[in-house]
Amino acid sequence: MKSKWILFFILAVPLISTAYVPRYEMIMERVGRNHGYGFFLIDQEVIFPAQPTPYIVKEQWMINTDGSYRLRVKGERQLLDKLDITIVYNGRRKHYINAQGVRKTTNVGSEFADPLFWNSNPDKLTSLLKQYQVQIPDYKSLERVVNADTNAPLNPGRSATLNLSRIGGRLAYAVGAVTEFGNSEKEPAIWIEQDQFNILKFRMPSQTEITASDYSRYSRGMHFPKERKIQTPTATFQINLRQVKAISSSSGNKRLLSVSSLDPKKSPHVILKLPDIDIIKSFYQRFR
């Protein structure tokens, strides 16, 4: 009986490396499809490690899955009335009203990766991965390598930067350069669930990793994780989903995604209110 189990594992292990892997473009098209279409509100809480009790912050994202976003951040418990941030995003730029009531424009945070979980455009998803130095399969260069006798591609449709892997016991497509054994600096990569095409893990050049779990399907085809963790070399942040709600693409909602909506005279709450707490200030500089 023992020999049968040994034989089973010998035969089963190579299946991961030899199983069919679709082209990268098909995978990202399915990922984008999972992000639905139109306007959504996403309510979530971010838990910051602290003693004696963690800080809890409420975030509400208004998103258009084509790539427009607005974020409202409010503190809870000990942060009530001490934290209030409103940001409008336009590409890789973010706009907000500072504490003096002046509109400011800066680049998004150096580790702002949330659009990976809701942008529906495969090309924009790929562009974001490239910004984080994830190596994307280059099929054209692969197909130029041909057999000298038959002139047929030696490795059509296969790439060293797209493989099958396992994340938490689940099979996933791993996109990115493989980290060499013994290398303490791990290569940037993303892991996408094989069957459902949901993002399970993302690693940035900074070695920060985002993991996502417990996906559910919502209106208009939106798939979203109930839990995410952002793990840096020094801290771990927990993000818990509260609700996902599809909303209309009304003129009022479209206006909220525009920079002109940041009017401190009409909406005083858009004026930045940020407590002098390093872990919170660092988070919103890096990840938002």
Side-chain angles (χ1 to χ4, degrees), residues 35-36 39-50 53-65 67-90 92-99 104 106-119 128 199 202 204 208-216 218-219 222-232 235-247 253 256-257 259 261-262 267-275 277-288:
H35 295 166
F39 286 64
F40 292 87
L41 285 179
I42 298 175
D43 291 314
Q44 60 190 28
E45 64 179 20
V46 183
I47 302 176
F48 296 81
T53 58
Y55 298 116
I56 298 180
V57 170
K58 178 185 176 181
E59 292 188 340
Q60 183 177 76
W61 290 90
M62 173 186 282
I63 67 167
N64 183 354
T65 57
S68 305
Y69 324 118
R70 181 188 179 100
L71 171 64
R72 175 83 184 275
V73 181
K74 295 190 71 176
E76 298 193 344
R77 299 182 184 180
Q78 68 268 50
L79 296 176
L80 193 65
D81 300 325
K82 296 180 180 179
L83 173 63
D84 205 336
I85 306 171
T86 300
I87 304 171
V88 171
Y89 296 86
N90 183 358
R92 299 296 291 174
R93 304 285 279 174
K94 64 181 182 180
H95 313 268
Y96 64 96
I97 305 297
N98 69 10
K104 305 292 285 186
T106 62
N107 292 329
V108 297
S110 59
E111 294 166 282
F112 178 51
D114 281 62
L116 280 174
F117 292 91
W118 58 57
N119 197 301
L128 187 56
I199 296 171
F202 176 53
M204 306 184 213
T208 291
E209 294 184 348
I210 302 175
T211 56
S213 60
D214 197 7
Y215 276 83
S216 291
Y218 300 92
S219 300
M222 166 70 85
H223 293 240
F224 206 78
K226 293 181 180 177
E227 293 186 9
R228 281 180 290 166
K229 287 185 180 179
I230 300 177
Q231 187 165 358
T232 76
T236 299
F237 306 94
Q238 176 77 33
I239 302 177
N240 297 325
L241 180 67
R242 292 186 175 180
Q243 80 165 346
V244 174
K245 180 182 179 182
I247 58 175
N253 286 337
L256 287 173
L257 296 179
V259 179
S261 68
L262 296 173
S267 305
H269 74 266
V270 301
I271 298 175
L272 178 71
K273 191 183 293 183
L274 187 63
I277 300 173
D278 288 342
I279 195 169
I280 293 177
K281 291 193 295 184
S282 174
F283 181 90
Y284 284 99
Q285 289 169 356
R286 292 171 60 185
F287 298 104
R288 299 290 183 263

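We're numbering straight along the sequence, starting at 1. A quick note: this is a predicted structure, and the numbers were derived from the prediction, not measured.
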Between Asp43 and Arg72, does the salt bridge (charged side-chain N to carboxylate O under 4.0 Å, His left out) criterion hold? Intermediate values first, please.
CA-CA 10 Å; Asp43 291 314; Arg72 175 83 184 275; over 6 Å; no
Worked verdict on Val88 versus Leu257 for side chain to side chain contact (heavy atoms under 4.5 Å, CB included):
CA-CA 6 Å; Val88 171; Leu257 296 179; 5.6 Å; no
Start with the C-alpha distance between Phe287 and Phe112, add both sets of side-chain angles, then the distance that settles side chain to side chain contact (heavy atoms under 4.5 Å, CB included), and finish with yes or no.
CA-CA 4 Å; Phe287 298 104; Phe112 178 51; over 6 Å; no
Given side chain to side chain contact (heavy atoms under 4.5 Å, CB included), test Leu79 with Val57 step by step and report yes or no.
CA-CA 8 Å; Leu79 296 176; Val57 170; 3.8 Å; yes
Stepwise side chain to side chain contact (heavy atoms under 4.5 Å, CB included) test for Trp61 and Leu41:
CA-CA 6 Å; Trp61 290 90; Leu41 285 179; over 6 Å; no
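Residues Pro225 and Phe117 approach most closely at CG-CD2, 4.3 Å, considering heavy atoms. The two atoms that bring Ile210 and Ala113 nearest to each other are CD1-CB, 3.9 Å, heavy atoms only. Contact between Pro275 and Leu83 at its shortest, heavy atoms only, is CD-CD1, 3.7 Å. Closest heavy-atom contact between Ile271 and Ala99: CG2-O, 3.8 Å. For the pair Arg228 and Ala212, the tightest heavy-atom approach, listed with the atom from each and the gap, is CG-CB, 3.8 Å.
In this structure, OG on Ser216 lies 3.5 Å from NZ on Lys226, to the nearest 0.5 angstrom. Atom CD of Gln243 and atom CD1 of Ile42 lie 10.5 Å apart (nearest 0.5 Å). Atoms CG and OH, on Asn64 and Tyr89 in that order, are 16.0 Å from each other to the nearest 0.5 Å. Between the CE atom of Met204 and the OG1 atom of Thr232 there is a distance of 10.0 Å, given to the nearest 0.5 Å. One distance of note links CG of Asn253 with OG of Ser261; it measures 11.0 Å at 0.5 Å rounding. In this structure, OG1 in Thr53 is found 11.5 Å from CD1 in Ile47, a value given to the nearest 0.5 Å.
Side-chain contact between Tyr55 and Arg77 is absent, with no heavy atoms from C-beta onward closer than 4.5 Å. In this structure, Leu272 and Ile97 have side chains that are not in contact, with every pair of non-hydrogen atoms separated by 4.5 Å or more. Using a 4.5 Å cut-off on side-chain heavy atoms (C-beta onward), Asn240 and Gln238 make contact. Counting heavy atoms from C-beta outward, Gln231 and Thr211 have side chains that stay 4.5 Å or more apart. Counting only heavy atoms from C-beta outward, the side chains of Lys94 and Thr106 approach each other to under 4.5 Å. You'll find the side chain of Pro115 reaches within 4.5 Å of the side chain of Leu128, heavy atoms only. Taking 4.5 Å as the limit, some side-chain heavy atom of Ile230 sits within range of a side-chain heavy atom of Ile239.
Scored by the side chain to side chain contact (heavy atoms under 4.5 Å, CB included) test, Asn98 finds Tyr96, Gln100, Val102, Lys104 as partners (sequence neighbours excluded). By the salt bridge (Lys or Arg N to Asp or Glu O under 4.0 Å) test, Glu59 pairs with Arg288, sequence neighbours left out. Partners of Arg286 according to the salt bridge (Lys or Arg N to Asp or Glu O under 4.0 Å) rule, which considers only residues two or more places apart in sequence or in another chain, are Glu111. With sequence neighbours left out, Tyr69 forms a ring-ring contact (aromatic ring centres under 6.0 Å, His included) with Trp118. Considering only residues two or more places apart in sequence or on other chains, Lys273 meets the side chain to side chain contact (heavy atoms under 4.5 Å, CB included) condition with Asp84. Every residue two or more places apart in sequence or in another chain was checked for a side chain to side chain donor-acceptor pair (under 3.5 Å) with Asn90, and none qualifies. For Glu227, there are no side chain to side chain donor-acceptor pair (under 3.5 Å) partners at least two apart in sequence or on another chain. Residues that satisfy the side chain to side chain contact (heavy atoms under 4.5 Å, CB included) test with Lys281, not counting sequence neighbours, are Leu274, Asp276, Asp278. Partners of Arg93 according to the side chain to side chain contact (heavy atoms under 4.5 Å, CB included) rule, which considers only residues two or more places apart in sequence or in another chain, are His95, Thr105, Asn107. Shown here are the side chain to side chain donor-acceptor pair (under 3.5 Å) partners of Asp214, two or more places apart in sequence or in another chain: there are none. For Gln285, there are no side chain to side chain donor-acceptor pair (under 3.5 Å) partners at least two apart in sequence or on another chain. Tyr284 pairs by the ring-ring contact (aromatic ring centres under 6.0 Å, His included) definition with nothing, not counting sequence neighbours.
At distances below 3.5 Å, not a single donor-acceptor pair connects side-chain atoms of His35 with backbone N or O atoms of Met222. Using modelled atom types, no side-chain atom of Ser267 and backbone atom of Val270 make a donor-acceptor pair closer than 3.5 Å. Arg70 places a side-chain N or O within 3.5 Å of a backbone atom of Leu256 that can act as its donor or acceptor partner. With Tyr215 contributing its side chain and Ile199 its backbone, the two residues share a donor-acceptor pair below 3.5 Å.
For an aromatic pair to be called close, the ring centres must be under 6.0 Å apart, and Phe237 with Phe48 satisfies this.
Electrostatic pairing of Arg242 and Glu76 counts as a salt bridge here, judged by a charged N lying under 4.0 Å from a carboxylate O. A salt bridge does not link Asp81 with Lys74: every distance from a Lys NZ or Arg NE/NH1/NH2 to an Asp or Glu carboxylate oxygen is 4.0 Å or more.
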